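Proteins come first, then strands; the chains are lettered A, B, ... in the order of their sequence lines, and each starts at number 1. Every value quoted in this text rests on a predicted model; they were computed, and no experiment measured them.
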Number of protein chains: 2
Amino acid sequence: MVSKSEIIEKLKGKQLKVTPQRVAILEACYQLNNHPGAENIIHFIKDHHPHISVGTVYKVLDSLVENKLLKRVKTENGIMRYDAVLSSHHHLYCEETDRIEDYVDVELDSILNNYFRGKKMKNFKIKDIKLQITGKFK
Amino acid sequence: MVSKSEIIEKLKGKQLKVTPQRVAILEACYQLNNHPGAENIIHFIKDHHPHISVGTVYKVLDSLVENKLLKRVKTENGIMRYDAVLSSHHHLYCEETDRIEDYVDVELDSILNNYFRGKKMKNFKIKDIKLQITGKFK
DNA sequence: ATAATTGCAAAAGCTTTGCATGGCC
DNA sequence: GGCCATGCAAAGCTTTTGCAATTAT
């Protein structure tokens, strides 16, 4: 649970002006936990903020990504989705629906880190490693 | 290198009618090795097949994915891309450009398989695990 | 005060769809 | 011959853009 004041602090920390729209959008991303797209965010916000504009939502999302308050989630259907959880984690992708859940596993992370520490890739500098696990929820 | 006759066999093997368009599109996917999108495929094909229609390309790509002759690649910019390499491999994503390269590592695969064999996930049945390695080519 | 952000609407991608025509089996 | 695939153009959906009006600092 992330409070509104924490959200405001996050925006300030990035020197971003604290507007009601930005607060609402970032708040929506924290509360909608299934990696929402713009559509989901707009729908969620409309209750408390009926006059928000679609263009604004996209602009704010871009700027939040650029300022590393959100990450984009990779998908294969051409719809952008966003992730407010910034700490290292992996994703479970349902192969039948568009559900995407977080998968956190520190043991796995340490195995991967050890493995890649030793590994030297000639032509690539690794910044982040994420598992993309596809399958089926049961 | 995949020959035209192999491509024809692959189509036949899936009971798909062998049309020049399908052959050309699948061939393009094999030759364009940077995980092409529809745009790249159309451009590549236009030389030998000037009158191919955009709608057809999308329909063929859908049907090739549905018949498991192609896979879609997950991206975060809303453009669909395709992968003709069906055997297990991972992807290196450039964080500055849209370059995506294959990363094959059997040792890593066996580590992952061992790890997940022991692991029991209550609510998810794993079908495939792929690393999404982001960073920078040098 | 002023520089940045919002709203609105238009436009720009990329992808899908419908239907008549044509081509593979 | 029958049915499926193609071409073409229109429509659909998501996202981007431009500019005037508004707002945060």
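The residue among A:H49 and B:R72 whose nearest nucleotide of DNA chain C lies closer to the 5′ end is A:H49. Toward the 5′ end of DNA chain D lies the nearest nucleotide of B:Q15, the other residue of the pair A:G78 and B:Q15 mapping further downstream.
A straight line from CD of B:Q21 to C1' of D:dC4 spans 12 Å, rounded to a whole angstrom. B:Y58 has its OH atom 18 Å from the C1' atom of C:dG18, to the nearest Å. Rounded to an integer number of Å, the gap from NZ of B:K14 to P of C:dC25 is 17 Å. The distance between atom OH of B:Y82 and atom C1' of C:dC14, rounded to the nearest whole Å, is 10 Å. Between the C1' atom of D:dA5 and the CG atom of B:D62 lies a distance of 14 Å, rounded to the nearest Å. At whole-Å resolution of the value, CG in A:N67 and C1' in C:dA4 are 13 Å apart. One can place CD of A:E39 at 10 Å from P of D:dC13, the figure rounded to the nearest angstrom. Going from atom CZ of B:R22 over to atom C1' of C:dC25 covers 12 Å, rounded to whole Å.
For A:M80, the listed nucleotide lying nearest its side chain is D:dT15; candidates were C:dG7, D:dT6, D:dT15. The listed nucleotides are D:dT14, D:dT16, D:dT6; the one nearest the side chain of A:I79 is D:dT14.
Between A:S53 and C:dC8 there is no side-chain polar atom (N or O) within less than 4.0 angstrom of OP1 or OP2.
Using a 4.0 Å cut-off between a side-chain N of Lys or Arg and a carboxylate O of Asp or Glu, B:E6 and B:K4 do not qualify as a salt bridge. By the 4.0 Å N-to-carboxylate-O rule, B:E95 lies close enough to A:K127 to be salt-bridged with it. Classification of A:D109 and A:K130 as a salt-bridged pair fails, no side-chain N sitting under 4.0 Å from a carboxylate O.
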Worksheet entry | Sequence-aligned protein contact record of nucleotides 18-25 of chain D, with B where the base is within under 4.0 Å of a protein heavy atom and S where only the sugar-phosphate is | B-----BS
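Taking the six-membered ring for Trp and the full ring otherwise, B:H91 and B:H89 have centroids separated by under 6.0 Å.
Using modelled atom types, no side-chain atom of B:N67 and backbone atom of B:L64 make a donor-acceptor pair closer than 3.5 Å.
Bending across the helix from C:dA1-D:dT25 to C:dC25-D:dG1, expressed as the angle between its end axes from five pairs apiece, amounts to 40° (10° rounding).
If you check the side chains of B:D98 and B:H35, you find no donor sitting under 3.5 Å from an acceptor.
The side-chain contact (heavy atoms from CB on, under 4.5 Å) with B:R22 is formed by just one residue from the set B:L61, B:T56, B:L11; it is B:L11.
In this structure, the side chains of A:M80 and A:V73 stay at 4.5 Å or more apart for every pair of heavy atoms.
Geometrically, A:K74 engages B:Y93 in a cation-pi contact defined by less than 6.0 Å to the ring centre and at most 45° from the axis.
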